[in-house]
Amino acid sequence: MRAPGGPRLLLRRLREVMAEPVTAQARLDRIVVLIASNMVAEVCSLYVVRADAAMELFATEGLNREAVHLTTMRPGEGLVGLIVSSAEPLALSDAQHHPAFSYRPETGEEIYQSFLGVPVLRGGATIGVLVVQNRARRAYSEEELEALQTTAMLLAEMIASGELQGIAAQGAPIAVRRQMSLKGVGIADGLGLGHVVMHQPRVTVSTIVADDVESELIRLETAISAMRASVDDLIDRNDDGVGGEHRDVLEAFRMIAHDRGWLRRLREAVSSGLTAEAAVERVHNDARAKLQRQTDPYLRDRLHDLTDIANRLLHQLAGQSLVLLPDELPENAILVARSMSPAALLDYDRARLRGLVLEEAGASSHIAIVARALGVPAVSDIANISEIVEHGDAIIVDGDAGEIHLRPPADVEAAYAEKARMRARRQAQYRALRETPTATVDGVPIGLHMNAGLLVDMPHLAETGAQSIGLFRTELQFMLAARFPRPGAQQQLYRAILDAAGERLVTFRTLDIGGDKLLPYMKGVDEQNPALGWRALRIGLDRPALLRMQFRALIRAAAGRDLKIMAPMVSTVDEYRVARSMFDHELNWSRSRGHELPRTSSLGVMVEVPSLLWQLDEITTAADFLSVGSNDLMQYLYAVDRQNRRVANRFDPLSVGFLRALRSIAQAGKRHGKPVTLCGEMGGQTLEAMALMAIGYRELSMSPTSIGPVKAMTLSLNIGEAEREVEAMLVKGREDASLRAPIQRLAERLEVRL
Ligand code: PEP
Ligand code: MG
């Protein structure tokens, strides 16, 4: 049976109804009447999925009107429930005898034999069901099914906009607007309250019906070619995509963009009368419904790629930029993205940014480094978040707990607002300590220094009152760049850092790449154990031109100033000597050319490879200073991959063995009169910092956010007593075990402010 006027007429009428200035209920009522009459059906009903997973009847033509907002189906109940769970259309000519049929006397449904229902899909979830029914047995045509699916697309927009919330039964929240708390991984500490802003804004498909099929097909083909060219271009340039996608993801995009089946389905959808945009959405919804049921993780990953490519095509069609323009960022923005490149995050105005939520941060997590440097609370590994949220949704990012709260209820929002206020108050207290000299209660001065790696870190130096930059990770510039930074660019950055530091010293660490810190443009060396592989100083020694170039850039940048450099991953004294002679050679070279030299220069060693623990006297004699990289030292001493969440926290740095190792380094420094600093993460934790001071550390370098709390702790610490007590815990005969609990008790007894 052919519908009178056909689907095109229906869609045109629907467009008119959508534009009418009527209430949401009146609009729904007109829509169901229109569909029923166009499809020659006696019944047309819309069910909307609620937050409690029940399906509420929102409008009907043909069934008993009194049942609207009264009839609800339990999750999974009836044919409607079947459509919700399968996310697929269902056509039956004998609905009454289907095993899932559920009889609801109040609707008067029992007389209808034929049933056609389609899911209303949004972001991969079924948020409603649209149904037509006929008294007589009949088969629904493909054309009718498509018309109903297209109408469902329109309704999806209406439901997602929140417009229908006001008419729901007793205000029961509808699923698409429901509140959600989702657990991910905190990648940058802090709390952020604000509203969702999509890094890659979704294109809203508002025109569903094409005026002219031929010209629409041409639009589609043009957009596909342009999109293919842009993906090819990214691959050829060997660049990351604007979203921060890496090469293998881009390769997957290219495959899909040339996939014949996909292109055929798009063309067919346009030929059926849809606009190119609506066709992309329809084909994507279908593919998504199929892929989502896959349990194979590989196929599910392809869904991500498919979503991205559909999104690219939609942007191409709409002539919109794929990512938000940085100056379009509203106030109190919480950016949501599947992934993002560090450069993209740096482009946004920090003053408007309250947080960041990502589906994936990427293996090396450069985005985390930048988020931390900017002080933007960030959570990653929230599956599907870019599809779940709507632009403007209220959202809370809890970077400490690694959680987000989407559309939080008032009490949760109030609790977090209070937490954020407390935090701000505490930070104000720490700021007030900024000028206070750092010394313990018993008068021992302690040096608190800051770790940095980007120019955007530098304002923290003055904000925190840190004494110096104790670790400047020079590799970050290399990791964020699209190609190897030239000597001029290196020199420029180092000079800018020294300028920003003013009177304060900066300890530059030479390139620490390899292992987990990969340069996208450096051809990967395939290694079984990258952490034990060709990395850091080892690369510098094997590729002397590279290390010399960096030394030279540092020497030139520090002309007339103090220059402090340290080498990472030194394993033997000889390695240090070779590096030292290269450095001296560069100093001589600069001198011979008549360049102004640094006022003073020193070259230190990072103690992070355990082999140095048995060469402490020799290395301490040779080097100008030591800096303990406790992150790597712990990794190598206990054989636990610091990146592997399964084992990373298996052993406690506050354990007998590790503290003894750390103590021996501090003692060697004392014996030889050489400065010893510790610059790993443990120095930034208050309890750990207290323990470190108790075993002889007087200089700690840490992330900027830790300086306030560690300073407050130091100002309340009686170091003499702590030394005696912790020393007693490390006596001979004590088995290696965590000392966290006794050290915590000690802190309480000494009334240390943790
Ligand atoms: C360390 O290993 O402790 C350290 C400070 O360096 P990174 O974390 O950069 O390896
Ligand atoms: Mg290290």
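In each ligand, atom 1 is the first atom listed, and ligand 1 is the first ligand listed. The figures here come from the full heavy-atom set of this structure, side chains too, leaving out hydrogens, waters and symmetry mates.
- Under the 4.0 angstrom criterion for non-hydrogen atoms, Arg509 is in contact with ligand 1.
- The aromatic rings of Phe478 and Phe484 sit perpendicular to each other, their planes meeting at more than 60°, with 30° as the lower class boundary.
- With respect to the Mg ion (ligand 2), Asp632 has OD2 as its nearest N, O or S atom.
- Taking a cutoff of 4.0 Å between a charged side-chain nitrogen and a carboxylate oxygen, Arg561 and Glu503 do not qualify as a salt bridge.
- A salt bridge between Asp584 and Arg580 is present, with a side-chain N of the basic residue lying under 4.0 Å from a carboxylate O of the acidic one.
- A salt bridge is defined here as a Lys NZ or Arg NE, NH1 or NH2 lying under 4.0 Å from an Asp or Glu carboxylate O, and Asp641 with Arg650 fails to meet this definition.
- Proximity of Glu681 to ligand 1, defined as any heavy-atom pair under 4.0 Å, is not found for any part of the residue.
- Interface atoms of ligand 1 facing Gly680, defined by a heavy-atom separation under 4.0 Å, are 3 (O), 5 (C).
- At a 4.0 Å heavy-atom cut-off, ligand 1 does not touch Arg535 at all.
- A donor-acceptor contact shorter than 3.5 Å links the side chain of Lys711 to the backbone of Thr436.
- Of the candidates Ile369, Val607, Asn631, Leu678, it is Asn631 that places a heavy atom closest to atom 1 (C) of ligand 1.
- The nearest N/O/S atom of Glu608 to the Mg ion (ligand 2) is OE1.
- Taking 4.0 Å as the cut-off between side-chain N and carboxylate O, Asp400 and Arg423 count as a salt-bridged pair.
- Against a heavy-atom cut-off of under 4.0 Å, Cys679 is close to the following atoms of ligand 1: 5 (C).
- Of all atoms in ligand 1, numbered sequentially from 1 with element shown, those under 4.0 Å from a heavy atom of Gly629 are 1 (C), 2 (O), 3 (O).
- Look at Arg535 and Asp512 and you find a salt bridge, because one of the NZ, NE, NH1 or NH2 atoms lies within 4.0 Å of a carboxylate O, short of that distance.
- Close contacts of ligand 1 with Leu471, meaning ligand atoms under 4.0 Å from a residue heavy atom, involve 5 (C).
- Atoms of ligand 1 lying under 4.0 Å from any heavy atom of Arg642, numbered from 1 in the order shown and given with element: 2 (O), 7 (P), 8 (O), 10 (O).
- Not a single heavy atom of Gln635 sits less than 4.0 Å from an atom of ligand 1.
- Residue contacts with ligand 1 for Asn451 are absent, since no atom lies close enough (heavy atoms, distance under 4.0 Å).
- Using a distance-only test at 3.5 Å, with no hydrogens or angles considered, a donor-acceptor pair links the side chain of Arg495 to the main chain of Arg556.
- Salt-bridge annotation for Arg431 and Glu463: absent, with no side-chain N of the basic residue lying under 4.0 Å from a carboxylate O of the acidic one.
- Near Glu608, meaning under 4.0 Å from any of its heavy atoms, are these atoms of ligand 1: 1 (C), 2 (O).
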